[in-house]
Each structure stands twice: as C-alpha cells, then as structure tokens.
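One structure below.
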Amino acid sequence: MAEEYAEHSREMERTALSLEGKARLRGQLLGVLVVLAVLGTCLIALDLGYEAFAIALGSGTLVALAIVFVLGKVPEWLKMREPRDRESN
C-alpha cells in the first residue's frame, strides 16, 4: 500500500511539473504576441503621424516588461485593485 501511495505521489508530481511547463510556455507565447501587437500598433501610429502616442505606448510597454522580467512577477502595485469598501459608496 505504501508503494502504491509513493507511485501515485510521483505521478502527481510529474503531472504537476508537466502542466506548469505548459503554462509557462503558453505565457511566453502570449507575451510575444502582445509585444508584436504593440510593436505593430506603434509602427502604424508612427506612419500615421501620431509620434507621441507611439512613444508613450512603446515606452510604457517596455518599462512594464522590464519590471516583470527583472522581478520575475507582476508587482502588487501594478495589479488591479478592487475598491476597499463598496458598501460605503
């Protein structure tokens, strides 16, 4: 019975690691798609003469990506926060 439990635990760990790897890959692919979309938007904005918009969008995206890659996660102050007390409004 102990051997069955140990084998089950190992199988669960293998499954968890596999799912985690797939989730990381999916996140990286979606990140690349977002960056390419922002880059395309910036290039179109530049072509149409909206330089300030293109600079703001591009630099904001680069700063956000730099923060995420340096820290390895999204900082708490960048996450969307819900109102503290909805009942008082």
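Values below: every heavy atom of this structure, side chains too, minus hydrogens, waters and symmetry copies. Quick caveat, the model's predicted, so the values are computed rather than measured.
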Contacts of type side chain to side chain contact (heavy atoms under 4.5 Å, CB included), residue Leu29, not counting sequence neighbours: Leu25
Hydrophobic cluster partners of Leu36 (side-chain heavy atoms under 4.5 Å): Val32
Residues 42-64 side chain polar contacts: donor-acceptor under 3.5 Å, at least two apart:
residue	atom	partner	partner atom	Å
Ser59	OG	Ile55	O	2.7
Ser59	OG	Ala56	O	3.4
Thr61	OG1	Leu57	O	2.8

Using the test side chain to side chain contact (heavy atoms under 4.5 Å, CB included), find all partners of Leu17 that sit at least two apart in sequence or belong to another chain. Glu20
Which ILVMFWY residues are connected to Leu33, directly or by a chain of links, through side-chain heavy atoms under 4.5 Å apart? Leu30
For the CE atom of Met1 and the CD atom of Glu4, what is their distance to the nearest 0.5 Å? 8.5 Å
Can you name the residues that form a salt bridge (Lys or Arg N to Asp or Glu O under 4.0 Å) with Glu11, not counting sequence neighbours? Arg14
Is it the case that more than 12 heavy atoms not belonging to Glu7 sit under 6.0 Å from its CD atom? yes
Under the side chain to side chain contact (heavy atoms under 4.5 Å, CB included) test, which residues partner Glu13, sequence neighbours left out? none
Cluster partners of Tyr5, using ILVMFWY side-chain heavy atoms under 4.5 angstrom, listed by chain and number? none
